[in-house]
Q: 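Following this message is one structure expressed as structure tokens.
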2 protein chains.
Amino acid sequence: MAAPQPARLTSPSREPEAGGRDRYFAKLAQERPDVALCRATTLVTRALDEELAGRRLTMAQQLVLKMLSDVGPCSQQELSEQLRIDRSVMVGCIDGLEDSGLVRRERHPRDRRAYAVTLTPDAAPVLEEAEAGVPHLLDRAFGALTAAERRTLTRLMGKILDVG
Amino acid sequence: MAAPQPARLTSPSREPEAGGRDRYFAKLAQERPDVALCRATTLVTRALDEELAGRRLTMAQQLVLKMLSDVGPCSQQELSEQLRIDRSVMVGCIDGLEDSGLVRRERHPRDRRAYAVTLTPDAAPVLEEAEAGVPHLLDRAFGALTAAERRTLTRLMGKILDVG
DNA sequence: GAGAAATAATCTGCTGGCCAACAATCTTGC
DNA sequence: GCAAGATTGTTGGCCAGCAGATTATTTCTC
């Protein structure tokens with residue numbers, strides 16, 4: 001495909017390689033936006049997980065509380081759709097919140113197939129604490145980007161997601 | 001947290017909601033670059049998977065062949081590090097390529113712990129075909145972005161990944 | 001109305017990525 | 001030269017995301 005390759009192998013010792021074998025990823029990330037995107041997301045996800053490790057809520061649960069606080073009681077279906085979390089994952093997510101006493105599964109008054117997931121009074125302080133940690137979370141995940149670059153990233157993601 | 005929420009629930013019928021309940025994701029994606037990035041990557045990954053569905057190679061296998069072609073025989077460790085694919089995943093990846101007769105696991109001459117994963121002659125045309133499909137793949141994944149935007153995205157991902 | 005089709009929540013199974021543990025092998029410190 | 005530690009490939013376990021099947025309920029069609 002490319003130039004005839006030497007059949008030589010790196011020795012196991014740590015001599016810095018001239019042929020770019022040890023910097024191959026940098027080249028790959030420049031040529032393949034898909035790979036760069038996936039690997040960067042893995043890093044960001046790991047940073048988020050580390051940051052959330054000590055806290056009471058998972059990211060999904062945090063988003064659920066926030067949406068309930070913003071728009072009022074929702075069915076699991078609505079939460080799933082708007083937060084882009086799979087229905088089957090949402091079940092366990094709400095289970096956890098219910099066990100912690102932060103939401104209740106009430107019946108939807110007009111559709112008894114659906115629940116009306118509703119915040120309890122206990123949820124407010126927990127949500128507030130979680131929201132207060134978001135800036136630090138973002139700094140940890142996107143520390144390499146300036147504020148302007150983060151806005152650019154948000155705009156590009158918005159186009160891929162087809163929102164605005 | 002926000003304004004006092006109405007305890008009202010959406011009726012099950014499909015009336016477009018004024019309160020932004022049905023556009024909540026758009027707002028979320030604008031406020032939370034982390035969520036936007038993760039959801040966009042899910043979309044891109046799905047597009048890639050659909051595109052690769054009919055082909056012989058997975059994305060990981062394609063990257064392995066390309067790297068072997070570019071830098072010559074490598075240990076699985078080197079492939080793992082540079083392609084950012086976990087060692088345990090790399091095992092199955094190379095297994096598949098070996099079963100297809102595209103690579104061989106030879107012993108590393110100086111380190112008998114490691115293999116020297118080596119391309120076979122059969123690999124060249126398969127890799128060439130895969131490489132030929134990359135532009136179409138990227139168009140499918142990033143169709144919403146212009147060429148300039150794709151370059152910007154690549155640059156931002158590079159900063160997160162700390163490469164150049 | 002009555003039956004057919006659609007929908008909400010749930011469960012199960014499948015896949016893929018990540019982490020911990022393991023045996024074989026290499027490297028290092030003394 | 002030898003024991004302690006690191007490294008390579010491998011396996012198995014865990015979790016998220018996704019599709020399919022199921023049950024209860026609602027909506028649509030006649």
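The chains referred to below are lettered A, B, ... by the order of the sequence lines, with proteins before strands, and numbering in each begins at 1.
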Q: Round to a whole Å and report the spacing from CD of B:Q76 to P of C:dT25.
A: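 Distance check: B:Q76 CD to C:dT25 P gives 16 Å.
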Q: Using a heavy-atom cut-off of 4.0 Å across all strands, would you classify B:R105 as base, sugar-phosphate, or nothing?
A: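 The answer is sugar-phosphate, as B:R105 gets under 4.0 Å only of primed atoms, P, OP1 or OP2.
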Q: Please report, rounded to the nearest Å, how far the P atom of C:dG17 is from the CG atom of B:L83.
A: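 To the nearest whole Å, that distance equals 13 Å.
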Q: Could you run through nucleotides 18-25 of chain D and give me one letter per nucleotide, 5' to 3': B if any protein heavy atom sits under 4.0 Å from the base, S if only the sugar-phosphate is that close, - if neither?
A: BB-B--BB
Q: Could you tell me how far apart B:H108 (NE2) and D:dT8 (C1') are, to the nearest whole angstrom?
A: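 Roughly 11 Å, once rounded to whole Å.
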Q: Quick one: which of A:V103, A:T118, A:V117 gives a side-chain contact (heavy atoms from CB on, under 4.5 Å) with A:P73?
A: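 Testing each of A:V103, A:T118, A:V117 against A:P73, the sole residue satisfying side-chain contact (heavy atoms from CB on, under 4.5 Å) is A:T118.
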Q: Given B:L102 and B:Q61, is the side-chain contact (heavy atoms from CB on, under 4.5 Å) satisfied, shown in steps?
A: CA-CA 10 Å; B:L102 302 177; B:Q61 291 174 332; over 6 Å; no
Q: Rounded to whole Å, how long is the line connecting atom CG of A:L79 with atom P of C:dA8?
A: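 Atom CG in A:L79 sits about 12 Å away from atom P in C:dA8.
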Q: Output yes when at least one side-chain N/O atom of B:Q77 is less than 4.0 Å from OP1 or OP2 of D:dT8, else no.
A: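 For D:dT8, OP1/OP2 do have a side-chain N/O of B:Q77 under 4.0 Å.
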Q: Flag the pair B:M157 / A:L153 as yes when at least one side-chain heavy-atom distance between them is below 4.5 Å, and no otherwise.
A: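 Yes. Closest side-chain heavy atoms under 4.5 Å.
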Q: Do A:T120 and A:D122 meet the criterion of a side-chain donor-acceptor pair at a distance under 3.5 Å?
A: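 No.
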Q: What is the distance, rounded to the nearest whole Å, between atom CE of A:M90 and atom P of C:dA9?
A: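 Value for this atom pair: 10 Å.
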Q: A:D49: which residues meet the salt bridge (Lys or Arg N to Asp or Glu O under 4.0 Å) condition with it, sequence neighbours left out?
A: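 Checked A:D49 against salt bridge (Lys or Arg N to Asp or Glu O under 4.0 Å); zero matches.
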Q: I need the CG-P distance between B:D95 and D:dT8, as an integer number of Å.
A: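 Result: 18 Å.
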Q: Rounded to whole Å, how long is the line connecting atom CG of B:L63 with atom C1' of C:dG16?
A: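 Computing the B:L63:CG to C:dG16:C1' distance gives 15 Å.
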Q: Atom CG of A:L48 and atom P of C:dC18: how far apart are they, to the nearest Å?
A: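 Checked: the CG to P distance equals 14 Å.
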Q: Would you say B:E98's side chain and B:R105's backbone share a donor-acceptor pair under 3.5 angstrom?
A: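 Checked: pair present.
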